[in-house]
4 protein chains.
Amino acid sequence: MKGKRLSRKERERERQRREIMAAAHTLFSEKGYHGVSMQEIADQAEFAVGTLYIFFKSKGDLYQESMLEETEKFMGQLGKVLDEPVDEVAKLRNLVRAKGTYFLNNASKIRIFHAELRQASDSAITELDLKIQTKRLSLMKDVAAVFESGMKKGTFQRIGDPYILAKSLDNITHSFLLSWIEDPEQYPYPEDPDVILNILFKGLIQD
Amino acid sequence: MKGKRLSRKERERERQRREIMAAAHTLFSEKGYHGVSMQEIADQAEFAVGTLYIFFKSKGDLYQESMLEETEKFMGQLGKVLDEPVDEVAKLRNLVRAKGTYFLNNASKIRIFHAELRQASDSAITELDLKIQTKRLSLMKDVAAVFESGMKKGTFQRIGDPYILAKSLDNITHSFLLSWIEDPEQYPYPEDPDVILNILFKGLIQD
Amino acid sequence: MKGKRLSRKERERERQRREIMAAAHTLFSEKGYHGVSMQEIADQAEFAVGTLYIFFKSKGDLYQESMLEETEKFMGQLGKVLDEPVDEVAKLRNLVRAKGTYFLNNASKIRIFHAELRQASDSAITELDLKIQTKRLSLMKDVAAVFESGMKKGTFQRIGDPYILAKSLDNITHSFLLSWIEDPEQYPYPEDPDVILNILFKGLIQD
Amino acid sequence: MKGKRLSRKERERERQRREIMAAAHTLFSEKGYHGVSMQEIADQAEFAVGTLYIFFKSKGDLYQESMLEETEKFMGQLGKVLDEPVDEVAKLRNLVRAKGTYFLNNASKIRIFHAELRQASDSAITELDLKIQTKRLSLMKDVAAVFESGMKKGTFQRIGDPYILAKSLDNITHSFLLSWIEDPEQYPYPEDPDVILNILFKGLIQD
DNA sequence: TATGAATGAGCGTTCATTCAT
DNA sequence: TATGAATGAACGCTCATTCAT
């Protein structure tokens, strides 16, 4: 019974924590780390500034945690797709499709993916980027394994290093999605994943 | 005679302007917009802070102009490559090579290319991104024309929309270069451009 | 019966009050008024912050009361010494000895005595200082009476106003004790009270 | 000529620095370190907050420098008194007189002398106290030398260790002055230095 | 009654910008 | 014209105090 009471309190705290992180994530995504003040986040989350500091020890910490959570959710979803018992072509198709779907549903949150080469003016950002990098690397390795497996079976040509191919696929989808966010009318992906896949599957020059 | 004096003055002013922009560009590239103060730029350029405000109306303006100049220089170099009287395959190969060379020579300045979807914390940055976007779009169209031309000649398969292909090529090179900057040992490009081209040229699955 | 219950409750409350004051006193003595937070005191006393505000209306109030209590205890001990039925020389000797002993036993609490001329940043401190001043004044008068009595008997020379002498003795002991706390090796008092008394008893220049 | 211009600038800067330090010193003396905000000091000195940070790198730094300057001025004046070519009795008399005069003229600034045993809540204060301690020690040694010299000549009795005597004299004057500040009517010193000296010179009990 | 989560005023500090020289 | 001293709004963060439970 006491355990239950404690658990309710904990759940309440967790809910508040999430609310703060959600407000922070939205604002950081919209205006960037330096463009958002703690006061602004507090207002958006309908808490006092002081309350933010109960849950997060600094602005940098809040930034990191709110951004990382979203990344983990996203990477997790993509990871699951690769575990399904289908052939390599289907896995890649599903991966591209899943990434597109996520973007369609979370258009406002995509800043996360920008984890390459921002500059080190703030250590919180650098740290976050490193963590995201690590997550991404792990996913890349899984995708590379799909390419490798397809090559072994003879389904895929050996047109390049599997890891490089994985990174290429990631980057193509990635940059198309960024373009699409800015001008959704102009780009076929994420609605039509085949446009992306064709670039990889069908060589521009065939022997 | 007076015209000449004025002109000399103007040239002098232009020289100073460039010096400030060079200092600004270096520092912004190293430490990011928020990581650099006007005082720092003034020190580096060996001018007084006040002087910076004679040439540029705000920090954001200086950021914009200094970054844009570098972009123009870079885009200009790539544009020239496409004008050379060679076949389509060679044009693409040269383009990829030129981009790589530029990176090898200007590793410290590459932040410029990050002109996709950064957030609107500062209107100057948004504006800059729009301008860079425009420049990039124009280059993309030229590259798309190369694909189109190759397809018409039958050199290239019609595996996708020429503009999409152009963007894909741009993005693959781009993200490989960013990866390479962080860990030069691990990536073949920019030293070996063929790794990139093979992905585009040789389909993973050939009919 | 009800009276007894109430009385027990009251005693319980008094016990809690003392616990808080003890914790507060220790911390204030160690780190000073501004160096201690209410949370810290609450933790040390094993109460919730809110509870502190049931017993004391503010931090300043708690500071005042906790410091005053210690002073009263100390002044009371010194006062008792003067009531013993011995001659004037012995009274002074015992007084100096008692003060020294108190310091030896309460080295960590001595900040109390610093009740001269601290600044008015917090009205609670000013008020406290006034109250301590009053206590001290009363003790000083008792000591002055010892001097006066000794002079009347002819044991003491009339080298100055008795109250001034009392204050001088107080100040000499006081400042030696403060010095001793910082560097116990270097000072003879409080171990050897005669060093202090000699200054008062034996004139530097004798007629 | 240029040297002169520079010197004028420097003098102007020095004047401003002194103005800030004067405002800071007054306020710190009145309300204590924690009782004064940088804004308050800026207002009092008729500068903007930012300007304070041009001259002093932090609040602690300003506190230290403003307090230390006053101490040095004061200690310097006392030191000079001891260098005059008069006998030991006169030296002590002059010292006590000089200290009294300083207090009469600078009644509002005396917090300086409180450099014993405040607590370490702020490192700036601790550091300052250490520095003041050192200055004071050096003066104490000079005064001790006067006692020693008087003892050698036979002018003074050997009633105690010279350094201890120096410290005693310092403390007696010191605490009388503090008392006097709070209630000038009641105390003879600083107007009449002999009251103090008699305590030291004429033993309460003479053999 | 006792709690401690929540508050928000107020702090020290920075830095883009201005303007008297 | 070029300067750089001076500005002050705005920031991240703390902690004495309150009040719903």
Side-chain angles (χ1 to χ4, degrees), chain A residues 5 9 12-13 16 34-43 46-63 122 124, chain B residues 9 12-13 16 33-43 46-63 122 124, chain C residues 9 12-13 16 33-43 46-63 122 124, chain D residues 5 9 12-13 16 34-43 46-63 122 124:
Chain A
R5 264 240 303 281
K9 232 188 207 168
E12 172 62 10
R13 267 188 82 82
Q16 291 184 352
H34 294 285
V36 178
S37 73
M38 289 301 267
Q39 189 57 248
E40 224 173 326
I41 297 169
D43 290 348
E46 292 179 280
F47 286 102
V49 229
T51 310
L52 269 52
Y53 285 88
I54 293 169
F55 290 92
F56 304 92
K57 71 177 200 295
S58 67
K59 186 188 181 184
D61 190 46
L62 173 53
Y63 178 74
D122 200 286
Chain B
K9 244 189 205 166
E12 174 61 12
R13 269 186 76 84
Q16 292 183 348
Y33 183 70
H34 295 283
V36 178
S37 72
M38 289 300 269
Q39 190 57 247
E40 224 173 327
I41 298 168
D43 290 349
E46 293 179 279
F47 285 100
V49 240
T51 311
L52 269 53
Y53 283 87
I54 294 169
F55 289 92
F56 305 92
K57 72 175 199 292
S58 68
K59 186 187 180 183
D61 189 47
L62 172 53
Y63 179 76
D122 199 288
Chain C
K9 243 190 205 165
E12 175 60 12
R13 268 186 75 85
Q16 291 184 350
Y33 183 71
H34 295 283
V36 178
S37 72
M38 289 299 267
Q39 190 57 247
E40 224 172 327
I41 297 168
D43 290 349
E46 293 179 278
F47 286 101
V49 240
T51 310
L52 269 53
Y53 283 86
I54 293 169
F55 290 92
F56 305 91
K57 70 176 201 291
S58 68
K59 187 188 180 184
D61 190 46
L62 173 53
Y63 179 76
D122 197 287
Chain D
R5 265 241 301 281
K9 234 189 207 168
E12 173 62 11
R13 266 188 82 82
Q16 291 184 351
H34 294 285
V36 179
S37 72
M38 289 300 269
Q39 188 57 249
E40 224 173 326
I41 298 169
D43 290 349
E46 293 178 281
F47 286 101
V49 232
T51 310
L52 269 53
Y53 284 88
I54 293 169
F55 290 91
F56 304 92
K57 72 176 198 293
S58 68
K59 186 188 181 184
D61 190 46
L62 173 53
Y63 179 74
D122 199 285

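Every chain is numbered from 1 and lettered A, B, ... according to where its sequence line falls, protein lines coming before strand lines. All of these numbers come straight from a predicted model, not from anything done at the bench.
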**Greater than 12 external heavy atoms within 6.0 Å of A:Glu46's CD** =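 Counting other residues, nucleotides and ligands, CD of A:Glu46 stays at 12 neighbours or fewer.
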
**Request:** Drop me the distance from B:Leu52's CG to B:Asp61's CG, to the nearest 0.5 angstrom.
**Result:**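 Taking CG in B:Leu52 and CG in B:Asp61, the distance rounds to 11.0 Å.
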
**Asked** Is there a side-chain contact between A:Asp43 and A:Glu40 (heavy atoms, below 4.5 Å)?
**Response**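 A:Asp43 vs A:Glu40: side chains apart.
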
**Message:** Quick one, D:Lys59 and D:Leu62 - any side-chain contact, counting heavy atoms below 4.5 Å?
**Reply:**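 Heavy-atom side-chain distance check fails, nothing below 4.5 Å.
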
Please report the distance, rounded to the nearest Å, between [atom1] in [X] and [atom2] in [N].
X       : N      : atom1 : atom2 : value
D:Leu62 : E:dG12 : CG    : P     : 11 Å
A:Asp43 : E:dA6  : CG    : C1'   : 15 Å
A:Glu46 : E:dA6  : CD    : P     : 14 Å
C:His34 : F:dT14 : NE2   : C1'   : 14 Å
A:Phe55 : E:dA5  : CZ    : P     : 9 Å
B:Tyr33 : E:dT14 : OH    : P     : 19 Å
B:Phe56 : E:dA16 : CZ    : P     : 15 Å
A:Lys57 : F:dC15 : NZ    : C1'   : 19 Å

Tell me what [X] touches on the nucleic acid: a base, only sugar-phosphate, or nothing, going by heavy atoms under 4.0 Å.
X       : answer
C:Glu12 : nothing
D:Gln16 : sugar-phosphate
B:Thr51 : base
A:Leu52 : nothing

Closest approach to the side chain of [X], judged atom by atom: which nucleotide of [options] is it?
X       : options                : result
D:Tyr53 : E:dT13, E:dT3, E:dT17  : E:dT13
D:Phe47 : E:dT3, E:dA16, F:dT7   : F:dT7
D:Ser58 : F:dT3, E:dT13, E:dG8   : E:dT13
A:Ile54 : F:dT14, E:dA6, F:dA6   : E:dA6
D:Ser37 : E:dA16, E:dC11, F:dT17 : E:dC11

**Request:** With DNA chain F as reference, determine whether C:Gly50 or A:Lys59 sits nearer its 5' end, using the nearest nucleotide of each.
**Result:**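 Checking each residue's closest nucleotide, the 5'-ward one belongs to A:Lys59.
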
Determine the minimum heavy-atom distance between [X] and [Y], stating which atoms define it.
X       : Y       : answer
D:Ala42 : D:Ala48 : CB-C, 3.9 Å
A:Thr51 : A:Phe47 : CG2-CD2, 3.7 Å
B:Phe55 : B:Arg13 : CE2-O, 3.4 Å

**Asked** DNA chain E in dot-bracket, Watson-Crick or G-U pairs under 3.5 Å, [ ] crossing, | other strand?
**Response** .||||||||||||||||||||

**A:Ala48 vs C:Val49, nearer the 5' end of DNA chain E by closest nucleotide** =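 It is C:Val49, whose closest nucleotide lies nearer the 5' terminus.
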
**Message:** Let me spell it out: for each of D:Glu40 and B:Met38, pick the nucleotide of DNA chain E with the closest heavy atom. Which residue's pick is nearer the 5' end?
**Reply:**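 Here D:Glu40 is the residue nearer the 5' end.
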
